[in-house]
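Have a look at the structure below before the remarks.
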Number of protein chains: 2
Amino acid sequence: MPEGTGVRRAQAQRTRNGVLAAASAAFVDQGVQAPIRDIAERAGVGVGTIYRHFPTRADLVTAVYRHQIDTCAALAPRLLEESASPFSALSQWSNAFVDFLVTKHGLGAALGSGDPGLENLHALMLDTLVPACATLLDACVAADEVDPEITAYTLMRAIGNLCITGPDYDRVDAGRMVAVLLAGCRR
Amino acid sequence: MPEGTGVRRAQAQRTRNGVLAAASAAFVDQGVQAPIRDIAERAGVGVGTIYRHFPTRADLVTAVYRHQIDTCAALAPRLLEESASPFSALSQWSNAFVDFLVTKHGLGAALGSGDPGLENLHALMLDTLVPACATLLDACVAADEVDPEITAYTLMRAIGNLCITGPDYDRVDAGRMVAVLLAGCRR
DNA sequence: AAAATAGCGGAACATTGTTCCGCAAGCAAA
DNA sequence: TTTGCTTGCGGAACAATGTTCCGCTATTTT
C-alpha cells in the first residue's frame, strides 16, 4: 500500500485502473460472471496481470463495486434524518439497495450462490451495508414500526435474494416483492 | 418409452435407477451442483452412461426431484379444502414448498442463477407448481385476502429466491422471511 | 555497471459439463 | 448356428474457466 514512488509504480497503477475499467464494462455487458480472459483481453493485458492486482475474481468484483456500496451505506443516516418516519427511511434505502443490485446482472445470484470464491464480496457487503441497515432498523424498532425479531443481516440477505432477477422476473418484480416484504415487516 | 422387452432393456432400467439413487445421495451430500463424475463413480458407471439416460445435468436433477415436486403440487387443492381460509391454505402450502427447497442444498440458487443449462428444471417447477399456487392465490383474491396485483409466478419466484440459504442464513431464516412476505401480501 | 526485483504476458494446470468413439453382448435375419 | 446390426456402456477427449507458475523486460538499487 505505501505507494512507492517511481515510474514502475505509476505504470502499475495505470494498468490497475485499466483493468478496473475493463471489468466494469464487461460486467455491464456480460454480468459479473464475465470470464477473466475476456476482461484481460478488453484491458489489453494478460490474465496474470489481473491476478497480480486482484488475487481472486471476487476481489476484482469487490473493487469495481466498492464505491457504489459505500455510497449506498452512506445514504442511510441521511435518509433517516430527512424522512418523515424511520420506516419511510428504511423503505427508501431499500429501494436504493434494490436499484444497485438489480442493475448488476448476476450480482445477486453470485452473492446468494454461496460460491466460496466470493467470500470477500459477501464480507464487504455485509461489513458496510449491514451496519447501515441496522441503524435504520433500530430506529424503526424504537418507533415500534417493525417487528424486533427481524435482524439487519436477515433482512439484507432476503432483499438481496429477492433481487435475483431473470428473464421472467425482472427488476420491477424484484422491487415490488421487496416492497411487499417490507410491508410484512411492519407492525 | 415403449419398454421393449428383453434382457438389455431391463439392465438399462436397472442402470438408470442406480444413477438416480446415486444422484439423489450425492445431492444430499454435496448439493445439486455435485459433479457428474462423482455421481458416476458412486453409481459405478461411466459418465457416458449418465448422459445416455439424461441428456443434460438438469434432466438428471429434474428426474430426481420430479416426484417430490408433483407431491407438492398435489398438496394445494387438498389444503384449500381442509383449511379454514384460503390464506391459511396458501400459507401452509408455502411452508411445504419452503421445506422442499430448503432441504435441497443449492437448488434455490441453481434455479435463481438463470444458468441456461437448467432450463428444464425451471420449466418443470413452473409448469407444475405455478398452476397449483395460482389456485390458492385465486381463492385468496376471491376472498379478498390478498392483493390481486400478485401473480403466482412472481410469488413462487420470490419464495424460491428467499429459500437460497447459506452459512449465515439458514432454513429457519428462510421460513421466517417467507412468512413475512406472505404477511405483506395480505389485505 | 551489475545485481535485484517489480510488473507483466501467457502457457500450463485443475475442475467440470458434454461429446465421441470403440467395444461387448443381446437380438434378428439367413 | 452363424452373421451382422443395434443397444448400452465406459472412459478418453474436448471446451470453458478460475488460478498458478515461470521466464522476460525494464526499473531500481547497490
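A, B, ... follow the sequence lines: proteins, then strands. Residue 1 opens every chain.
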- Message: In this structure, how many angstroms lie between the C1' atom of C:dT18 and the CG atom of B:D38, rounded?
- Response: 16 Å
- Rounded off to whole Å, could you give me the CZ-to-C1' distance for the B:R14 and D:dT7 pair? 15 Å
- Message: Without decimals, in angstroms, what is the distance between B:N17 CG and D:dG8 P?
- Response: 14 Å
- Task: Please determine which of A:L136, A:V141, A:L182 meets the side-chain contact (heavy atoms from CB on, under 4.5 Å) test together with A:V146.
- Result: A:V141
- Task: State plainly whether the residues B:R42 and B:D29 are in salt-bridge range, i.e. N to O under 4.0 Å.
- Result: yes
- Could you state the CD-C1' distance from B:Q13 to D:dT7, rounded to the nearest angstrom? 14 Å
- Does OP1 or OP2 of C:dC8 have a side-chain N or O of A:R52 closer than 4.0 Å? no
- Looking across every strand, which nucleic acid part, if any, lies under 4.0 Å from A:V7 by heavy atom: base, sugar-phosphate, or nothing? sugar-phosphate
- Query: OP1 or OP2 of C:dT16 sitting under 4.0 Å from any side-chain N/O of B:R37?
  - Reply: no
- Message: Quick check for you: to the nearest 0.5 Å, what is the distance between B:D138 atom CG and B:L90 atom CG?
- Response: 11.0 Å
- Query: Above 12 or not: heavy atoms from other molecules or residues under 6.0 Å from CD of B:Q68?
  - Reply: yes
- Take atom CD1 of A:I39 and atom P of C:dG9, then tell me their distance rounded to the nearest Å. 15 Å
- Task: Starting at atom CD1 of A:I50, determine the distance to atom C1' of C:dG7, rounded to an integer number of angstrom.
- Result: 14 Å
- Item | Closest listed nucleotide, where the reference is the side chain of B:R8 and the choices are C:dA11, C:dC27, D:dG18 | C:dC27
- Task: Just compare C:dG9, C:dC8, C:dG17 and give me whichever is closest to any side-chain atom of A:A12.
- Result: C:dC8
- Item | First encountered from the 5' end of DNA chain C, between B:I36 and B:G48 | B:I36
- Task: Measure from CD on B:E41 to P on C:dT15 and round the result to the nearest Å.
- Result: 13 Å
- Query: What nucleotide, of C:dG7, C:dG9, D:dT27, holds the atom closest to the side chain of A:R9?
  - Reply: C:dG7
- Would you say A:H53 reaches C:dC8's phosphate, i.e. side-chain N/O to OP1/OP2 under 4.0 Å? yes
- Message: Quick check on C:dG7: is either OP1 or OP2 less than 4.0 Å from any side-chain nitrogen or oxygen of A:T49?
- Response: no
- Query: For the side chain of B:R57, counting heavy atoms from C-beta on, which of D:dG18, C:dG17, C:dG9 is nearest?
  - Reply: C:dG17
- B:T15 side chain to B:Q11 backbone, donor-acceptor under 3.5 Å: yes
- Item | Distance, rounded to the nearest Å, where A:Y51 contributes OH and C:dC8 contributes P | 16 Å
- Query: Is the shortest side-chain N/O distance from B:T15 to OP1 or OP2 of D:dC9 below 4.0 Å?
  - Reply: yes
- Item | Phosphate contact (D:dG18 OP1 or OP2) by A:T56 side-chain N/O below 4.0 Å | no
